[in-house]
Amino acid sequence: MCGRTACTLCKEDVQKACSYKNKKTGKYELPKWGRNPKNKQQYMPSYNIAPTDITPIIVPGTNFLGETNRMLQPMMWGMIPPWQNGNYKSHGYSTHNCRFEGLLNSKLYSAPLNKGKRCVIVCDGFYEWKTKGGPRNPYFIHLPQEDGIHVEDSDTWINDWDEDNGWKGPKLLHMAGLYEIWTSPEGEEIYSYAMITMESDDTLSWLHHRMPVILKGQEIDDWLDVERISGTQAIHILSPIKKLPRELKWHPSVYPNE
DNA sequence: CCAGACGTTGTT
DNA sequence: GTCTGG
DNA sequence: CCAGACGTTGTT
DNA sequence: GTCTGG
């Protein structure tokens, strides 16, 4: 399933779209982009993002000695196993998705979970290919938007932001992920992540039997609060029964180009 | 103890 | 058919 | 997720 | 790196 997304905002607009309210001041704050002098990974906006591409990821600032509560870090989609040597894109494992079921027992994913390497993937939306009945069709799945705003049409966006009102542009999807930092033999730090998937709920089961774990509101805060909430507790919060209802929109899509 | 696996989706 | 690269 | 390759020998 | 099977 989820093997293709879209994220079309420029770096600065991603910051604005990911701004969050400081509970003390009541003002919206911009998450800073992580600065890694050694790291060549660059995010490029695209409406056809595939595994091995670099996308914007929200990480807890506490994991990065950041000055902001949340940080943005460009990461490669497809978690590099920590034992990998040599070419990090050819490890032979499918790690762009990771199943929610059995996460605590996974040899690969329990390590980042227990280390608090939780992250949130942001995107305009994702593609899912409907296989039930008729031809194989891609659908684009995204959040409901304000009247007149279409997430797939940037001409309808008004990308305003200020610290009192926050972001007025398109609403981005937030999905639960786990990440690792892999160090190449040359000493370069490569950030990579896996998107957590679950059994589809009523919203999307007509389309496909698996879907990403989509977060909203307090779930985002909790998933990123690795100081206060343990891996096990976080998994509990994400249990499909506990989760807040997902409000999603979709439309049939042409095959993602560009 | 060491050796070997570690992952997903979809399809049959 | 099945694997790899993006 | 899809698209594209899937091979060899010999020569530069 | 870390767990499982033998």
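Only a predicted model underlies this, so the values are computations on that prediction, with no experimental measurement involved. Letters A, B, ... mirror the listed sequences (proteins, then strands); counts begin at 1.
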From the options D:dC2, B:dT9, B:dC6, select the nucleotide whose nearest atom is closest to the side chain of A:Tyr93.
B:dC6
Rounded to the nearest 0.5 Å, what's the gap from CD1 on A:Ile158 to CH2 on A:Trp167? Could you check?
10.5 Å
Closest to the A:Trp129 side chain: D:dC1, C:dG6, B:dC6?
D:dC1
Output the rounded distance in Å from NZ (A:Lys107) to C1' (E:dT2).
9 Å
Report yes if a side-chain nitrogen or oxygen of A:Thr197 is closer than 4.0 Å to either non-bridging phosphate oxygen (OP1 or OP2) of B:dT9; otherwise report no.
yes
Which of E:dG1, B:dT11, B:dT8 is nearest the side chain of A:Ser94? It is B:dT8
Give a yes or no on this: more than 12 heavy atoms of other residues, nucleotides or ligands lie within 6.0 Å of atom CG of A:Asp153.
yes
Pick the C1' atom in C:dG1 and in D:dT11, then give their distance to the nearest Å.
34 Å
Grab the CD1-C1' distance between A:Ile141 and D:dC1 for me, whole Å please.
12 Å
Quick one: does A:Lys16's side chain get under 4.5 Å of A:Asn159's, heavy atoms only?
no
Please work out the stems of DNA chain B from pairs that are Watson-Crick or G-U wobble with both distances under 3.5 Å, keeping only runs of three or more consecutive pairs.
B:1-6 with E:1-6
If I compare all heavy atoms of A:Pro82 with all of A:Leu108, which pair ends up nearest, and what's the gap?
CD-CD1, 3.9 Å
A:Tyr88 OH - B:dG7 C1' separation (whole Å)
20 Å
Hey, does the side chain of A:Arg210 come within less than 4.0 Å of B:dT9's phosphate (OP1/OP2), counting only N and O?
yes
Can you measure A:Met79 atom CE to B:dT8 atom C1' for me and round it to whole angstrom units?
13 Å
Taking the side chain of A:Leu108 as heavy atoms from C-beta outward, which of D:dC1, B:dT9, B:dG7 is closest to it?
B:dG7
Interatomic distance, A:Asn105 CG vs E:dC3 P [rounded to whole Å]
10 Å
Under the ring-ring contact (aromatic ring centres under 6.0 Å, His included) criterion, do A:Tyr139 and A:Trp250 qualify, and how do the steps go?
CA-CA 6 Å; A:Tyr139 281 73; A:Trp250 51 79; 8.0 Å; no
I want to check one thing: is the phosphate of C:dG6, taken as OP1 and OP2, less than 4.0 Å away from some side-chain N or O of A:Arg4?
no
Closest to the A:Pro51 side chain: E:dG1, D:dC1, B:dG7?
D:dC1
With sugar-phosphate meaning primed atoms plus P, OP1 and OP2, does A:Ala50 contact a base, only sugar-phosphate, or nothing at under 4.0 Å between heavy atoms?
base
Counting the atoms with a prime plus P, OP1 and OP2 as sugar-phosphate, which does A:Ser90 contact under 4.0 Å by heavy atoms, base, sugar-phosphate, or nothing?
sugar-phosphate
Nearest whole Å is fine: how far is E:dG1 P from A:Leu178 CG?
19 Å
A:Lys168/A:Glu146 ion pair, N-O < 4.0 Å:
no
Just checking A:Thr95: base, sugar-phosphate only, or nothing, at a heavy-atom cut-off of under 4.0 Å?
nothing
Per A:Trp83 side chain, nearest of listed nucleotides E:dG1, C:dG6, B:dG7:
E:dG1
Without decimals, in angstroms, what is the distance between A:Tyr47 OH and C:dG6 P?
21 Å
Could you work out the separation of B:dT9 and E:dC3 based on their P atoms and round it to a whole Å?
23 Å
Work out how far the P atom of B:dC2 is from that of D:dC6, and round it to whole angstrom.
41 Å
So what does A:Ser106 touch, heavy atoms closer than 4.0 Å: a base, only the sugar-phosphate, or nothing?
sugar-phosphate
Is it the case that the side chains of A:Thr197 and A:Arg210 hold a donor-acceptor pair, with the cut-off being a distance below 3.5 Å and no angle test?
yes
